[in-house]
Amino acid sequence: MQDLNFGKFLDVVIKDGEPVCDPPPQRKRELKFPGDNGPRLERETADFSLKSEIVELFAFFDQLQNGTIDVLEVKHGLPSRMTVTESTA
C-alpha cells in the first residue's frame with residue numbers, strides 16, 4: 001500500500017485470515033497533477049508502529065477468514081475503504 005500510495009487493489013483473496021499474494025491482486029494507481037505520485041517514504045523504514053487503519057484492516061482479515069475483497073482503496077499509503085461481497089445465508 002505504501003508503494004501504491006493512491007489507488008485500488010482489486011479482488012484481494014483472503015485465506016485463513018491472510019491476504020494471498022500469489023498471484024498478486026491487480027492494482028490501479030491513481031495519479032494526481034500536480035502531486036507526489038511516488039511511493040511513500042515510510043516504506044523504507046524498518047521499525048514503525050502500525051497505524052489504526054492497518055490494525056483495523058488486519059482485524060477484518062481475521063474476522064473474514066476466507067473470502068475476497070472486491071475493492072480495497074488506498075489513500076496516502078493506507079487503506080481508506082473497501083467493498084466486500086458477502087453471502088446472505
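- In this structure, the side chain to side chain donor-acceptor pair (under 3.5 Å) partners of R27, at least two apart in sequence or on a different chain, are D3.
- The salt bridge (charged side-chain N to carboxylate O under 4.0 Å, His left out) contacts involving residues 72-83 comprise E73-R81, where partners must be two or more places apart or lie in separate chains.
- Under the 4.5 Å side-chain heavy-atom criterion for grouping Ile, Leu, Val, Met, Phe, Trp and Tyr, L78 is connected to L72 within one hydrophobic cluster.
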Original post:
How far apart are the C-alpha atoms of V12 and M82, what are their side-chain angles, what is the distance that settles it, and do they pass the side chain to side chain contact (heavy atoms under 4.5 Å, CB included) test?
Top reply: CA-CA 10 Å; V12 180; M82 66 182 164; over 6 Å; no

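- Atom-to-atom distance recorded for Q65:CD and I14:CD1 is 10.0 Å, nearest 0.5 angstrom.
- Rounded to the nearest 0.5 Å, atoms CG (L57) and CD1 (I69) are 6.0 Å apart.
- Screening residues 9-22 for salt bridge (charged side-chain N to carboxylate O under 4.0 Å, His left out) gives no qualifying pairs among residues at least two apart or on separate chains.
- Counting only residues at least two apart or in different chains, side-chain hydrogen bond (donor to acceptor under 3.5 Å, both in side chains) contacts with residues 45-62 are absent.
- Under a hydrophobic clustering in which Ile, Leu, Val, Met, Phe, Trp and Tyr are joined whenever their side-chain heavy atoms come within less than 4.5 Å, directly or via other members, V20 and V84 fall into different clusters.
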Subject >> Candidate pair V74 and N5, rule side chain to side chain contact (heavy atoms under 4.5 Å, CB included), full reasoning >> reply: CA-CA 7 Å; V74 176; N5 203 6; over 6 Å; no

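- L4 and L31 end up in different hydrophobic clusters when Ile, Leu, Val, Met, Phe, Trp and Tyr side chains are linked at under 4.5 Å.
- Every residue meeting the ring pair (Phe, Tyr, Trp, His ring centres under 6.0 Å) condition with F6, not counting sequence neighbours, appears here in chain and number order: H76.
- For residues 51-70, there are no ring pair (Phe, Tyr, Trp, His ring centres under 6.0 Å) pairs, not counting sequence neighbours.
- Here CG of L64 is found 8.0 Å from OG1 of T68. Values are rounded to the nearest 0.5 Å.
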